[in-house]
Amino acid sequence: MAQKTLQDLFDNFLNKQSIFINKEALQAAYTPETVPHRENEIKQLASILVTVLRGEKPSNVFIYGKTGTGKTLVCKYVAQELEARAQRDNKHLKTFYLNCKMEKVNTSYRLFAHFLNELGEEIPATGLPTDQVYKTFLNTVDSKKSIYLLILDEIDSITDTNILYDLTRINTQLKNSRISIIGISNNLSFTDDLDPRVKSSLSEEELVFAPYNAVQLQDILTQRAAVALVPGALSSGTIEKCAALAAQEHGDARRALDLLRVACEIAEREGQEKVTLDYVDKAQKKLDVDRIVEVVKTQPRQSQVVLYSIIYLKELNKQDIATGDVYEVYKNICRQLNLTPLTQRRVSDLVSELDMLGLINATVISKGRYGRTRKIKLEISPTAFEKSKEVLKRELL
DNA sequence: CTTCCACAGGAAGGTCTGGCGG
DNA sequence: CCGCCAGACCTTCCTGTGGAAG
């Protein structure tokens with residue numbers, strides 16, 4: 001019986017026309033044919049980099065802008081076009097893209113090893129002395145006259161400033177080739193605490209990407225939806241709503257795309273052929289819950305116990321949860337789990353961290369004679385609450 | 001106005017891990 | 001391979017403090 005229904009489910013799924021034609025187009029990483037509302041930025045970047053076509057090294061560029069403002073997209077687009085043109089004109093140009101955060105470039109070893117691997121050199125992930133890797137890198141790069149564009153995305157996640165320093169001076173070590181760096185950061189104050197020499201060298205040219213407004217987001221979504229979805233799959237206003245919601249959150253195009261994609265996914269799963277406005281709301285809730293659950297999951301153990309203590313107190317319908325209350329519960333749970341409890345001082349810091357993560361809201365209040373403490377409130381929706389509880393139970397027991 | 005609670009949160013130092021240069 | 005150092009993570013000890021109660 002159960003198997004029969006499962007077969008029905010499969011049949012249903014296969015017979016039903018999908019909403020999606022090409023779901024990838026709603027992914028932020030997808031590179032569309034054109035990049036709407038970034039014409040100026042593209043032109044600016046291209047005019048800085050165009051010197052490569054004459055075989056001259058372009059200035060280093062530093063690009064700022066919040067998440068989802070098209071920085072990565074514009075860079076990749078311009079790089080792609082330049083490479084195509086260079087190839088046509090028989091110029092030597094090679095561009096590399098590296099997301100420093102994803103690849104965890106905290107050492108220069110990893111950085112150079114990554115580029116060497118892209119150049120087709122086999123470099124073990126660890127083992128060789130750094131200067132040897134560095135020399136190999138120089139030799140490989142210098143072996144034939146060429147210009148290299150290094151696009152370093154999320155460059156602010158490189159904590160070791162020596163890496164940046166080395167990079168900015170690398171051209172002095174090269175005879176034939178030249179290397180230009182395009183740094184991308186969403187942290188506007190990143191260069192403030194850099195060595196002034198590194199700073200001026202990295203940002204010979206600067207570009208700032210402003211957030212998209214709601215109308216521009218609509219255009220982006222419309223463009224992507226045309227590729228991704230069956231015509232007529234969206235009921236009117238869906239795109240407008242996604243755009244408006246994302247515009248509220250500092251004009252993040254990634255967010256807008258996520259909203260639309262998840263809305264479509266939920267609608268499809270529920271067997272709908274039309275994506276209505278309700279699904280956008282559902283998508284927003286889902287994205288929210290997923291985000292929270294993800295944060296909860298990736299917390300270190302002790303932090304999870306503290307959070308669980310707060311959840312426990314919340315379930316007792318206790319209002320005005322104070323640090324002391326949390327600490328008592330926390331110690332009990334630690335005993336049950338056979339964990340050695342941390343000091344109250346440390347737990348106090350963990351509470352602050354949970355506050356910064358937006359999972360709880362902790363404000364310092366004074367109860368006069370009865371002391372000064374933090375008033376702790378959980379800051380998450382009921383759905384997220386239940387899911388987090390489940391996750392914590394599973395992780396902790 | 002003073003007292004005094006129940007912590008906040010700064011400072012300094014300890015321990016451990018993991019990567020780096022030699 | 002080894003000693004060294006940086007950074008994450010904690011502890012210990014500490015001073016500071018808003019405001020109800022007296």
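Every chain is numbered from 1, with letters handed out A, B, ... down the list of sequences. Just so it is clear, the model here is predicted, and its values are computed rather than measured.
- The distance between atom CG of A/Asp325 and atom C1' of B/dA6, rounded to the nearest whole Å, is 11 Å.
- Separating the CG atom of A/Leu342 from the P atom of B/dT15 is a distance of 17 Å, rounded to the nearest angstrom.
- Residues A/Thr95 and A/Cys75 have side chains not in contact (no heavy-atom distance under 4.5 Å, counting atoms from C-beta outward).
- Applying the ring pair (Phe, Tyr, Trp, His ring centres under 6.0 Å) rule to A/Tyr77 yields no partners; only residues at least two apart in sequence or on another chain are considered.
- Residue A/Thr323 places at least one side-chain N or O under 4.0 Å from the OP1 or OP2 atom of B/dA8.
- Protein atom NZ of A/Lys375 is 16 Å distant from nucleotide atom C1' of B/dA6, rounded to whole Å.
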Summarise protein proximity over nucleotides 13-22 of chain C in one line of letters, 5' to 3': B for base, S for sugar-phosphate only, - for none, counting protein heavy atoms closer than 4.0 Å. B--BBBBBS-
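- Under 4.0 Å is where a charged nitrogen must lie from a carboxylate oxygen, and between A/Lys389 and A/Glu386 at least one such pair does.
- For A/Tyr212 (side chain) and A/Ala246 (main-chain N/O), no donor-acceptor pair under 3.5 Å exists by modelled atom type.
- Put simply, A/Arg374 has no side-chain N or O that comes within less than 4.0 Å of OP1 or OP2 on B/dA6.
- In this structure, CZ of A/Arg346 is placed 14 Å from C1' of B/dG14, rounded to the nearest angstrom.
- Residue A/Thr343 has a polar side-chain atom (N or O) positioned under 4.0 Å from OP1 or OP2 of C/dT11.
- Under the 3.5 Å distance criterion, with hydrogens and angles disregarded, a donor-acceptor pair is assigned to the side chains of A/Arg374 and A/Ser348.
- Distance, A/Ile321 CD1 to B/dA6 P: 18 Å, rounded to whole Å.
- Under 4.0 angstrom from either OP1 or OP2 of B/dG9 there lies no side-chain N or O belonging to A/Ser348.
- In this structure, A/Asp281 pairs ionically with A/Lys241, as a charged nitrogen and a carboxylate oxygen lie closer than 4.0 Å.
- Atom pair A/Arg301:CZ and C/dA8:C1' shows a separation of 19 Å (rounding to whole Å applied).
- For A/Glu270 and A/Lys282, the salt-bridge test passes: some basic side-chain N is under 4.0 Å from an acidic carboxylate O.
- Taking atom CG of A/Asp320 as the reference point, atom C1' of B/dA6 lies 15 Å away to the nearest angstrom.
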